[in-house]
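Ligands are counted one by one from 1 in listed order, and the atoms in each one are counted from 1 as well.
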Amino acid sequence: MNRQRLVFATGNRNKTIEFAQILDQKRYEVVSMKDAGIEAEIEETGSSFEENAMIKARAVAALTDAVVVADDSGLVIDALGGEPGIYSSRYLGEDTPYDIKNQKLLERMADVPQEKRTACFVCAMAAVLPDGREFSTTGVMEGYIGYEAAGENGFGYDPIFYVEEYGTSTAVISPEQKNAISHRGKALREIKRILEELPE
Ligand code: ITT
């Protein structure tokens, strides 16, 4: 069996490590863009998570003979018309600390009653093969925006995103507990299944 090189198209090192851990290592050698010597500033110009994931995957696939996987994710808050959505990392500025972003969202949600505080995390994954075939998957984690930030685990918007399963935020539960129910975990397991079932 030939081990195939797979480039994970992200600037986020944690995403590459997580992906390498879940994929069959005997079949795919997962490398970051940096390790593959690929430098690309890709503009996320799509109007959905799926479009943005595919834009990233195609852009990197044009620069390599490897399999390329990319993802795009974010937080969708119903009471705010879907904000921050595909602009999650750019919300209030790319370099603004997340405690400030989270505080701002809590303020905007201050008068929203419990039953209208629904939200979800979405993750779209796109894969482009050297022969041009394309695949994509989407994972969703349903929850609601709490009234205060809680927890130190996770990253980004986790402290204000609460799940019914645990009655607390995804920054309180363990990484394993989050991974089992998360948008990224779901999209990842689905793209893993597709990649591992491809005929060699
Ligand atoms: P790349 O674009 O280089 O992959 P990125 O970290 O900017 O890296 P995204 O474009 O997918 O990744 O942006 C994800 C945004 O959504 C980011 O601002 C996160 O804070 C937020 N987000 C996504 N998944 C999350 C999670 O599980 N917990 C908390 N916040 C999350």
Side-chain angles (χ1 to χ4, degrees), residues 7-20 30-36 38-60 68-77 80 82-106 119-127 136-146 149-163 165-166 168-189 191:
V7 176
F8 201 87
T10 177
N12 185 330
R13 201 173 143 67
N14 290 323
K15 286 186 184 175
T16 311
I17 294 171
E18 189 185 39
F19 196 64
V30 179
V31 294
S32 64
M33 285 207 304
K34 196 159 175 266
D35 292 340
I38 298 169
E39 271 186 52
E41 258 319 307
I42 304 154
E43 269 209 73
E44 299 179 14
T45 53
S47 55
S48 65
F49 296 108
E50 286 78 5
E51 277 180 29
N52 280 335
M54 196 51 89
I55 285 169
K56 290 194 236 181
R58 283 180 186 153
V60 174
V68 176
V69 174
D71 82 340
D72 194 49
S73 56
L75 175 65
V76 176
I77 304 177
L80 302 182
E83 279 187 54
I86 58 168
Y87 302 105
S88 289
S89 63
R90 290 165 270 179
Y91 180 63
L92 300 181
E94 195 101 37
D95 297 326
T96 304
Y98 272 91
D99 50 353
I100 292 175
K101 298 193 192 204
N102 285 334
Q103 221 44 57
K104 181 70 182 175
L105 287 174
L106 288 177
C120 63
F121 270 123
V122 180
C123 176
M125 292 245 167
S136 62
T137 67
T138 303
V140 177
M141 169 167 60
E142 306 279 357
Y144 58 95
I145 302 302
E152 305 284 330
N153 296 338
F155 65 100
Y157 299 106
D158 279 327
I160 62 166
F161 184 82
Y162 285 55
V163 282
E165 289 95 320
Y166 294 98
T168 187
S169 86
T170 46
V172 170
I173 62 177
S174 72
E176 293 75 24
Q177 285 171 322
K178 182 183 164 190
N179 197 26
I181 58 170
S182 82
H183 51 315
R184 191 166 301 99
K186 289 174 187 166
L188 215 75
R189 287 189 286 275
I191 205 94

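Formation of a donor-acceptor pair under 3.5 Å by the Asp158 side chain with backbone atoms of Phe155 is found in this model. Remark: the backbone N or O of Pro175 is not paired with any side-chain donor or acceptor of Asn179 at under 3.5 angstrom. With hydrogens and angles ignored, the 3.5 Å screen pairs no side-chain donor or acceptor of Tyr91 with any backbone N or O of Leu105. Judged by distance alone, the side chain of Lys186 and the main-chain N or O of Val140 form a donor-acceptor pair under 3.5 Å. Checking side-chain atoms of Asp72 against main-chain N and O of Ala124 turns up no donor-acceptor pair under 3.5 Å. In terms of modelled atom types and a separation under 3.5 Å, the side chain of Thr137 and the main chain of Ala187 share a donor-acceptor contact.
Shown in contact with Tyr157 at under 4.0 Å from a heavy atom are these atoms of ligand 1, numbered in order with element: 20 (O), 21 (C), 29 (C), 30 (N). Near Ser88, with a cut-off below 4.0 Å to any heavy atom, the atoms of ligand 1 are 15 (C), 16 (O), 18 (O). Atoms of ligand 1 lying under 4.0 Å from at least one heavy atom of Ser73, given by number and element, are 11 (O), 13 (O), 14 (C), 15 (C), 16 (O), 23 (C), 24 (N). Of all atoms in ligand 1, listed by their number and element, those nearer than 4.0 Å to a heavy atom of Lys178 are 26 (C), 27 (O), 28 (N). With ligand atoms numbered from 1 in the order given, ligand 1 contributes 2 (O), 10 (O) to contacts under 4.0 Å with heavy atoms of Glu44. Distances below 4.0 Å separate heavy atoms of Asp158 from the following atoms of ligand 1: 26 (C), 28 (N), 29 (C). Under a 4.0 Å criterion applied to the non-hydrogen atoms of Gly74, ligand 1 contributes the atoms 16 (O).
In this structure, atom 3 (O) of ligand 1 lies nearest to the protein heavy atom Gly11 N, 3.0 Å. Nearest non-hydrogen protein atom to atom 5 (P) of ligand 1 is Lys15 NZ, 3.8 Å. At the shortest separation from atom 1 (P) of ligand 1 among protein heavy atoms lies Thr10 OG1, 3.4 Å. The single protein non-hydrogen atom nearest to atom 6 (O) of ligand 1 is Asn12 ND2, 3.3 Å, given as residue, atom name and distance. Nearest protein heavy-atom contact of atom 10 (O) of ligand 1 is Asp72 OD1, 3.2 Å. At the shortest separation from atom 29 (C) of ligand 1 among protein heavy atoms lies Phe155 O, 3.0 Å.
Here CE of Met125 is found 4.5 Å from CZ of Phe8. Values are rounded to the nearest 0.5 Å. From Lys101, atom NZ reaches atom CZ of Arg90 across 10.0 Å, with rounding to the nearest 0.5 Å. Atom CD1 of Ile145 sits about 10.5 Å away from atom OG of Ser169, to the nearest 0.5 Å. Going from atom NZ of Lys178 over to atom CZ of Arg184 covers 6.0 Å, rounded to the nearest 0.5 Å.
At least one heavy atom of Lys56 sits less than 4.0 Å from an atom of ligand 1.
The N/O atoms of His183, backbone and side chain alike, include one that comes under 3.5 Å of an N/O atom in ligand 1.
When the options Phe121, Tyr87, Tyr98 are ranked by their closest heavy atom to atom 17 (C) of ligand 1, first place goes to Tyr98.
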